[in-house]
Amino acid sequence: MKEEILLKTENLKTHFITNSGTIKAVDGVNIEVKRGETLGLVGESGCGKSVTALSILRLIPSPPGKIVSGKIYFEGKNLLELENKEMRKIRGNKISMVFQEPMTSLNPVFTIGNQIAEVIILHQKLKKKDAYQKTIEMLKKVGIPSPEQRIKEYPHQMSGGMRQRVMIAMALSCNPELLLADEPTTALDVTIQAQILELISKLKSDFGMSVLLITHDLGVVAEVCQSVAIMYAGRIVEYADVYTIFENPLHPYTRGLLVSVKKEGNNGKIRGRLSTIPGTVPSPLDLPKGCKFAPRCPIAEPEHFEEEPPLEEINPGHLVACFKAKIKL
């Protein structure tokens with residue numbers, strides 16, 4: 001039985017027009033999220049991961065940003081063709097997002113209960129009393145103790161981990177089909193990170209939803225994702241199931257990311273020196289011609305600086321944008 005595709009982007013391009021030039025933040029991205037799947041979108045800071053998620057929700061600030069071309073299919077409908085009124089019915093209702101830093105996403109002058117209940121009243125048309133009751137239930141689901149008391153508190157009265165749980169409760173309050181999680185554990189300590197990831201996985205199972213998880217942490221990917229898209233300079237450079245990415249990475253950038261992850265010995269200490277990818281991510285205002293990774297690539301040849309490799313299926317379900325992918329790297 002073929003798995004149903006919930007979300008699909010086709011040649012999605014989102015650019016920002018600035019006084020210094022055009023920034024091609026997302027430059028031809030193709031991804032698919034199946035029902036019940038967690039897709040990891042991985043890459044260094046500035047590669048376009050968050051802009052991809054904001055594009056899906058059509059939350060790109062205009063000006064200077066603009067979705068210049070492409071298609072975003074959700075449940076078979078192209079979101080880019082919907083009127084703003086229709087799109088508002090989808091945001092927070094069928095597609096929700098957990099942002100990277102909850103303190104900047106939560107309004108400091110309203111209580112936690114007020115902010116979650118507002119979403120429920122807007123999308124589910126419940127009365128205020130019923131919306132607050134559902135808010136309490138959602139806070140219980142995300143593991144916040146004494147939710148009856150917590151709904152009266154303000155964001156600054158909570159820890160970072162608690163605020164992130166509140167954001168997850170808010171995102172899931174309308175039982176969305178798809179959750180966009182943008183670096184949901186970045187600002188948290190290791191113990192709380194593990195709790196948040198476990199919580200997202202549990203709630204994904206409970207609600208039967210799909211997740212697009214944006215992260216730079218391959219440890220997180222290995223733990224919770226079924227498929228992985230590796231992103232570099234606004235493009236997808238490798239795409240496969242999580243097992244294939246870890247066992248048979250073909251793009252030099254993917255390999256560089258994997259070898260830069262710390263390896264612990266039996267005594268818990270890090271074994272050997274950490275590897276690094278030479279150079280830095282190119283400025284989006286001055287991207288190199290040809291393969292964008294060529295200036296940092298250990299196997300790049302002169303012609304790779306002139307022509308950009310297309311994203312091709314090298315093996316069934318394994319797509320790579322590299323001229324040397326068919327050759328053992």
Test your reading of the model: is there a side-chain donor-acceptor pair from [X] to the backbone of [Y], 3.5 Å cut-off?
{"X": "Q226", "Y": "T38", "result": "yes"}
{"X": "H251", "Y": "C322", "result": "no"}
{"X": "E238", "Y": "P249", "result": "no"}
{"X": "T215", "Y": "D217", "result": "yes"}
{"X": "E312", "Y": "L319", "result": "no"}
{"X": "D182", "Y": "I214", "result": "no"}
{"X": "S96", "Y": "L179", "result": "no"}
{"X": "K24", "Y": "K13", "result": "no"}
{"X": "K8", "Y": "I5", "result": "no"}
{"X": "T14", "Y": "I67", "result": "no"}

How long is the straight-line distance from [atom2] of [Y] back to [atom1] of [X], given to the nearest 0.5 Å?
{"X": "C291", "Y": "E301", "atom1": "SG", "atom2": "CD", "value": "12.0 Å"}
{"X": "I245", "Y": "L218", "atom1": "CD1", "atom2": "CG", "value": "9.0 Å"}
{"X": "K77", "Y": "L82", "atom1": "NZ", "atom2": "CG", "value": "6.5 Å"}
{"X": "E83", "Y": "R88", "atom1": "CD", "atom2": "CZ", "value": "10.0 Å"}
{"X": "R163", "Y": "I168", "atom1": "CZ", "atom2": "CD1", "value": "13.5 Å"}
{"X": "T254", "Y": "Y232", "atom1": "OG1", "atom2": "OH", "value": "12.0 Å"}

Are [X] and [Y] linked, directly or through other ILVMFWY residues, by side chains that come within less than 4.5 angstrom of each other?
{"X": "V211", "Y": "F207", "result": "yes"}
{"X": "L287", "Y": "I230", "result": "no"}
{"X": "I23", "Y": "L59", "result": "yes"}
{"X": "I60", "Y": "L80", "result": "yes"}
{"X": "L122", "Y": "M167", "result": "no"}

Worked verdict on T18 versus L285 for side chain to side chain contact (heavy atoms under 4.5 Å, CB included): CA-CA 10 Å; T18 71; L285 288 169; 4.1 Å; yes
Is [X] atom [atom1] crowded by more than 12 heavy atoms from other residues, nucleotides or ligands, each under 6.0 Å away?
{"X": "E118", "atom1": "CD", "result": "no"}
{"X": "Q124", "atom1": "CD", "result": "yes"}
{"X": "Y243", "atom1": "OH", "result": "no"}
{"X": "K204", "atom1": "NZ", "result": "yes"}

Are [X] and [Y] ion-paired here, with the side-chain N under 4.0 Å from a carboxylate O?
{"X": "E308", "Y": "R235", "result": "yes"}
{"X": "E75", "Y": "R35", "result": "yes"}
{"X": "R296", "Y": "E44", "result": "yes"}
{"X": "K71", "Y": "E81", "result": "no"}
{"X": "D130", "Y": "K134", "result": "no"}

Partners meeting side chain to side chain contact (heavy atoms under 4.5 Å, CB included) with S62 (sequence neighbours left out):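 Here no residue qualifies.
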Evaluation steps, side chain to side chain contact (heavy atoms under 4.5 Å, CB included), between V237 and L311: CA-CA 7 Å; V237 296; L311 187 66; 5.9 Å; no
May I ask you to test the [X]-[Y] pair for a side-chain heavy-atom distance under 4.5 Å?
{"X": "F74", "Y": "E177", "result": "yes"}
{"X": "Y253", "Y": "L258", "result": "no"}
{"X": "L172", "Y": "M209", "result": "yes"}
{"X": "L7", "Y": "E32", "result": "no"}
{"X": "K202", "Y": "D206", "result": "yes"}
{"X": "K289", "Y": "E307", "result": "no"}
{"X": "V119", "Y": "H123", "result": "yes"}
{"X": "Q115", "Y": "M170", "result": "yes"}

Donor on one side chain, acceptor on other, D241 and S227, under 3.5 Å: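 Distance-only check fails for D241 and S227.
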Test item: side-chain donor near acceptor, T111 and N114, under 3.5 Å: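 Judged by distance alone, the side chains do not pair up.
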H304 and F323 aromatic ring geometry - parallel, tilted or perpendicular at 30°/60° bounds: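 Rings of F323 and H304: parallel, as their planes differ by under 30°.
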Derivation of the side chain to side chain contact (heavy atoms under 4.5 Å, CB included) call for Y73 and T9: CA-CA 6 Å; Y73 289 106; T9 69; over 6 Å; no
Write down the atom of [X], the atom of [Y], and the distance for their closest heavy-atom approach.
{"X": "C174", "Y": "G92", "answer": "CB-O, 3.6 Å"}
{"X": "N11", "Y": "N30", "answer": "N-OD1, 2.6 Å"}
{"X": "L39", "Y": "A229", "answer": "CD1-N, 4.0 Å"}
{"X": "V166", "Y": "M158", "answer": "CG2-SD, 3.7 Å"}
{"X": "A294", "Y": "A300", "answer": "O-CB, 3.6 Å"}
{"X": "V26", "Y": "G48", "answer": "CG2-O, 3.7 Å"}

Donor-acceptor contacts, no H, no angles, side chain residues 136-154, under 3.5 Å, sequence neighbours left out:
residue: R150; atom: NH1; partner: E153; partner atom: OE1; Å: 2.9

Worked verdict on E183 versus L213 for side chain to side chain contact (heavy atoms under 4.5 Å, CB included): CA-CA 7 Å; E183 302 273 13; L213 179 66; over 6 Å; no
Partner of V29 under side chain to side chain contact (heavy atoms under 4.5 Å, CB included), chosen from L41, I236, V51: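 Result: among L41, I236, V51, I236 is the only option passing the side chain to side chain contact (heavy atoms under 4.5 Å, CB included) with V29.
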